[in-house]
Structure formats: C-alpha cells, structure tokens
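Have a look at the structure below, then the notes.
Just so you know, these numbers use all the heavy atoms, side chains as well, and skip hydrogens, waters and symmetry mates. Every chain is numbered from 1, with letters handed out A, B, ... down the list of sequences. Computed from a prediction, not measured in an experiment: that's the story for all the values here.
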Amino acid sequence: MNEESAVLKVRKQKAEELESLGVSLFPNRFRPKDHAGPLKEIFAEYDNEKLMSIKDSFCLAGRIMSRRDFGKAVFMHIQDETDQIQIFVKRDEIGPENFKLFKKYIDLGDIIGVEGPLFRTKTGELTILAHKLVLVTKAFRPLPEKYHGLQDVELRYRRRYLDLIMNQRVREIFRTRSQIVQFLREYFQSQGFLEVETPMMQPIPGGATARPFKTYHHALERELYLRIAPELYLKRLLVGGFERVFELNRNFRNEGISVQHNPEFTMLEFYEAYATYEDLMVRTEEIFSSLAREITGHTCITYQGHKIDLTPPWKRIGFKEALIQIGKVPPEVLESREKTLSWAKEHNIKVDEKEKILGKLWAKLFDALVEPQLIQPTFVVAFPVDISPLARRNEEDPSVADRFELFIAGREIANAFSELNDPRDQRARFEEQIRRRLADDPEIHPEIDEDFIRALEYGMPPAAGEGIGIDRLVMLFTDAPSIREVILFPHLRPEGQRG
RNA sequence: GGGUCGGUAACUCAGUUGGUAGAGUAUCGGCCUUUUAAGCCGAGAGUCGCAGGUUCGAGUCCUGCCCGACCCA
C-alpha cells in the first residue's frame, strides 16, 4: 500500500488550506478549565430548565470522536481524559463564517476547545452549546471505525496511542495498574519500608536463574548485564543497616515471550530484617486482600471465569505434599531421581534425562501437574533446597528451604523466603551452582559475586524477602488474559510494511 | 523451535466448486437546526502480507518467507 493513503492526502491538503486562511493548526494557548467526567457527575440530576438557569459558561478541550451533521447545526462527542461529552454547534451561535470553516475543515480526530453553557437535549443528554469553538490540534490521520473501534491486536500493541483513544477498557486497565503501584508504594512506606533504587546494570547478574541481556560500557571497558533481579543488592542494604527496604522497578530476562512473559517486566521486591517467611505469608495476605478492597471494594475477584477469594487466611501446603495430593504423584516416585525420571516419562511430562538435580525434576512435575490447579490463593512451602540457592535451610529438615511461592489462578505470583545469611553456606551453594555449569546449564552465570559474600561476612541480620510480579498482579486485578494487555508497549518484532 | 488459525480499502469485515474485488464506517460533493451506529442522493478509494509456482485464468490451489494470535517445547 502506498505511503500516503487517499484520506491522509486529503486531510493534509485541507489542513494547508486552513492554515493559509490564517488559522493555526497547532496553537498552544487554549487552557481548558473543565472536564467531561466531572461535569456529567455534578449535573447528573439537573433537568434542562435547571441547567438553563445556570449562567456559567464551561470550557473544555477534547478529541472529536463522533459527529452528526445537519445543514446549519452539528452534534458531536468530544473525549478528554475523563470521558466523552456531547457538543452542539449551531450556525446561529458561532456565526455563519465560523460555522462554514468549522464544517469544512474540522474533522473527526481533531482536538478542539469549546466554551459554552450546558443544556439537556430532547433525549436527555447533557450537552454543551458551543458559543466558542477553536481548533487546538489538527489530526492528519483518520480514526478507526467508530462502532467496532480498533480490533486488530497487532495494531493495538504497535499503536497503543490509538488503542487508548478508541478503547475505554484499555485506558481503565492502565489506570488500575497505576492505582495498584501507588497502593503498594503507600503500603510499604506506611510500614516503615524505605524505597530504594539499585543498579539496573550489573557486572554479575544475580538473584535469579535466567539468561541476561548483555551490554558494554566503553569507559569502564567491561561488559555489564541488565539485571535479572535486584535481590543481591537489596540484601547488601540489610547489611548496611536499613532494616526494611523495597524496590519496585523493571527486571530484564532474555528469554521467550508468552502470555505470561515479557522481556522486561516489573517486580516488587521487599526485605524485612528480623522477620521470617512465615511473617511474610501474613503480610502477603494483608497486602492482597486490602489491595482487592481498594480496587474492587471487596476481597473476591473474577479472573477469566474463575471466582477467586482473597480473604485470609489462604491455604498452605508443602511442595512435596502438593505433588502427592494435588499432582497425584505416588509418594515412592519421589524417593529417587531414577524413579522420578521414569514416572515423568510414563506420564508424558517432558524432562531432561541428564538433569542431575532432583529438585529441578520435581519442579517440572509441579509445573505440569500442580500449578494449573492452584486457582484459589495457595502458599506452597518447604521448597527443595537445591532449587533455592539464596534461601535459608529449614532447621528441622535441612533438605528444604524456608520458602514459599504464592499461586493464584494457576500462576506463580510471588516468591519469598527467609534469607540465607550464613556466608559459608552461601558460598557453598554458589560453588555448587558453578559446578553444575559443567552440566551445560546456560541459565547459571559462572561467576560468584564475591562482594556479596563479603557483605554477608560483615553480618546480615536475619531477614525475609519477597518478590511480587507486578504485571501478573495487574493481570489478575484487570482480568487480563495476556501480559501484553497490562504493558503499555509490549515488545514485538519490527513491523513490516503496513499502513 | 513445532502445531493451529489469521493478514483483502484508513478501520471493521464478506468474498461460493479457480473466471478480472464487495459492504458498512471513514473520506469527497449535495440536502437537512435536537442528533447519538442520525438520515437521504451521488462519487472516489485496493501491490488481496511478500516472493515464486501450477493454470488459458489465482484473493481462492501449491512452495518458501515476513508479521501477529493461541497452544506446545
């Protein structure tokens, strides 16, 4: 398709004509004083007679979303950030010259400024009678179809601005997202947590197992990695004496894209000295249930057809118990690597035959058999230590960590543990990870973060820490089926030749 | 990486067993001073994702590639 569609050409030409008549296409002096939403709210109960008795003139700006033309009058709806409101333009009100210009040169999609009194039409709609009308911003491109809006998913993501103009629900999702983030900030600040910012570019990417993005710093002459997690830096702050810290920002993982994964995603991590993972379960219940009340007014939400009850307390179950009770894995299968492997194969669960770490095999079973069934909020506790390299060992059973993951709607939403603060054990676990590198696991970075060990050697107070995936949380609260629906500009391949 | 589905006018979509591409909205011209998916009359608008192939003839069948959605790995 050619560079300029016919409509685009016509519009640019009309715009130039208008400009040559002395009308500015992009003036910046208009100052709206009112907004559609509040006006509709304030005057909801006013009938036409009462509205006419108000002498006030109102002044607002917005984009023309629809238009119904008559010979000497025009109805249209303009949309500002809050809502749409109807405007009535009459030749007798704005004068024949202005009306002629308006009819010929003002298009759907233009942003205009309006001043005038309110009235109610025959059908009862609150409407502004335009006394004054000015062009604020000329639109060269036409809006999508007024009835169906913008449907094409690809176009919605590539031109999110259009999606936001056309689809009210999309605007709502991102308002809710902002509300959630703001709630969390206020919650943690009110609980005495300090908001901090730690490096996004790290010399050794740590705190999780994932493939990092690599970059290069010329002045330092060294490779840096976009962080896969802030964990190791936040713990250094515990060593430094801050007892409650949180960070709410982006992580980057150079892995697949799916309905649950975007290469950059937002994570809340918080650390609390002198607390345990059990304290964090209570805190998590408190956060989610009060967040639900804040957003929806109650503690139940609906996600993709599931009714989900966030009222505390939530179910707790051990990792192995979950495999046995929920995943229906026979207990004896978990006795050895060999039995686990062959059982997995029998049941068509894809596992790496060379996998040496029993915990990783169990995790595969868990992902396949348990996770999808955890619809109601569930804390899974007592994770195998060999897949929890930064978590404290349980005192009674050193094969498991004092750790939980929170599942809601069949997805992992949060991950938390009592922090390992013994530098000797931490070094041993890092070294074990390095050893596994021989098994050719590209996810594990070969370098030990020596400075982190050194920090622990100065003494980190006992603490618990938690990470909550904000994008998935927002999905839950906005009933969004894909992570792309809650990320303003999700990553896509560069576009081919499209209009 | 594999599978399924999709890509046709600016937007939303039709397009039959292969026979020269349609509608609605939007746009342009005309009529209309309480409409709201306004209405009526008229007009223009397409590299059918891209490149090959089969065929007298391809939007339609075949192959490869690009982009997207979903599922699987």
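Both stacking criteria are satisfied for A:F75 over the base of B:U35: a centre-to-centre distance under 5.5 angstrom and an angle between ring planes under 30 degrees. The side-chain ring of A:Y157 is not stacked on the base of B:G68, judged by centre separation under 5.5 angstrom and plane angle under 30 degrees.
Panel note: side chain A:D152, backbone A:L155; a donor-acceptor pair is recorded below 3.5 Å. Using modelled atom types, no side-chain atom of A:E269 and backbone atom of A:I468 make a donor-acceptor pair closer than 3.5 Å. Here the side chain of A:R253 pairs no donor or acceptor atom with the backbone of A:A210 at under 3.5 angstrom. Side chain of A:R171 to backbone of A:I165: a donor-acceptor contact under 3.5 angstrom is found.
Contact annotation: A:R493 reaches the phosphate of B:C67 (side-chain N/O to OP1 or OP2, under 4.0 Å). A sub-4.0 Å separation between OP1 or OP2 of B:U34 and a side-chain N or O of A:K90 is absent. Under 4.0 angstrom from either OP1 or OP2 of B:A45 there lies no side-chain N or O belonging to A:K9. For A:R68, no side-chain nitrogen or oxygen approaches OP1 or OP2 of B:U35 to under 4.0 Å. Regarding contacts with the backbone of B:A69, a side-chain N or O of A:R484 is found under 4.0 angstrom from either OP1 or OP2. Residue A:R158 places at least one side-chain N or O under 4.0 Å from the OP1 or OP2 atom of B:G68. Of the side-chain N and O atoms in A:K350, none sit less than 4.0 angstrom from OP1 or OP2 of B:C72.
Taking every side-chain heavy atom of A:L150 into account, B:C11 is the closest of B:C11, B:A45, B:C28. In this structure, of B:C32, B:U12, B:U35, it is B:U12 that holds the atom nearest to the side chain of A:D152. Picking from B:A10, B:U33, B:U34 the nucleotide with the shortest atom distance to the side chain of A:V7 gives B:A10. Residue A:V259 has its side chain nearest to B:C71 when only B:U27, B:C71, B:A10 are considered. Listed candidates were B:U35, B:A37, B:C67. Nearest to the side chain of A:E154 is B:C67. Ranking B:A26, B:C70, B:A45 by closeness to the A:A6 side chain, first place goes to B:A45. With distances taken from any side-chain atom of A:L155 to the nucleotides B:C11, B:A37, B:C67, the minimum falls on B:C11. Checked against B:U27, B:A69, B:U35, the side chain of A:L492 finds its nearest nucleotide in B:A69. For A:V10, counting side-chain heavy atoms from C-beta on, the closest listed nucleotide (B:U27, B:C71, B:G68) is B:U27. Here the side chain of A:T127 is nearest to one of B:C67, B:U33, B:U35, namely B:U35.
Figure legend. B:G18 is base-paired to no nucleotide; pairs are counted as Watson-Crick or G-U wobble with both atom distances under 3.5 Å. B:A37 is unpaired under the criterion used here, namely a Watson-Crick or G-U wobble arrangement in which both key atom distances are under 3.5 Å. Remark: B:C48 base-pairs with no nucleotide in the shown strands. Criterion, Watson-Crick or G-U wobble with two distances under 3.5 Å. With a cut-off of 3.5 Å on both pairing distances, the Watson-Crick or G-U wobble partner of B:A69 is B:U4.
Taking atom P in both B:G24 and B:A45, the straight-line distance is 16 Å, to the nearest Å. For the C1' atom pair drawn from B:U63 and B:A23, the interatomic distance equals 33 Å after rounding to whole Å. The same atom, P, is picked in B:U60 and in B:G49; the two are 8 Å apart, to the nearest Å. Taking the C1' atom of each, B:G42 and B:A51 are spaced 41 Å apart, rounded to whole Å. A distance of about 27 Å separates the P atoms of B:A43 and B:A37, rounded to the whole Å. One C1' atom belongs to B:G44, the other to B:G22, and the distance between them is 15 Å to the nearest Å. Comparing the same atom, P, in B:U27 and in B:C11 gives a spacing of 15 Å after rounding to whole Å. Comparing B:G6 with B:U16, their P atoms are spaced 13 Å from each other, to the whole Å.
For the pair A:R68 and A:F88, the cation-pi test (distance below 6.0 Å, angle within 45°) is failed. Remark: A:R160 fails to qualify as a cation-pi partner of A:F489 under the 6.0 Å distance and 45° angle criteria applied to the six-membered ring.
Considering A:L224, A:L226, A:N249 in turn, A:N249 is the only one that fulfils the side-chain contact (heavy atoms from CB on, under 4.5 Å) rule with A:M200.
Base contact: A:T121 has a heavy atom under 4.0 Å from a base atom. Residue contacts for A:F119: at a heavy-atom cut-off of 4.0 Å it reaches a base atom on one of the strands shown. As judged by a 4.0 angstrom heavy-atom cut-off over every strand, A:L108 is placed among residues touching the sugar-phosphate backbone only. A:G149 comes within 4.0 angstrom of sugar-phosphate atoms only, judged by non-hydrogen atoms across all strands, and of no base. Heavy atoms of A:K104 sit under 4.0 angstrom from primed sugar atoms or phosphate atoms, though from no base atom.
Map A:G124 and A:R11 each onto its nearest nucleotide of RNA chain B; the residue landing nearer the 5' end is A:R11.
For A:I87 and B:U35, the CD1 to P distance is 17 Å, given to the nearest whole Å. Between A:D110 atom CG and B:U27 atom P the separation is 10 Å, expressed in whole Å.
The shortest side-chain heavy-atom distance between A:F213 and A:P263 falls under the 4.5 Å cut-off.
Residue-to-nucleotide contacts include no donor-acceptor pair under 3.5 Å from the side chain of A:E125 to the base of B:U35.
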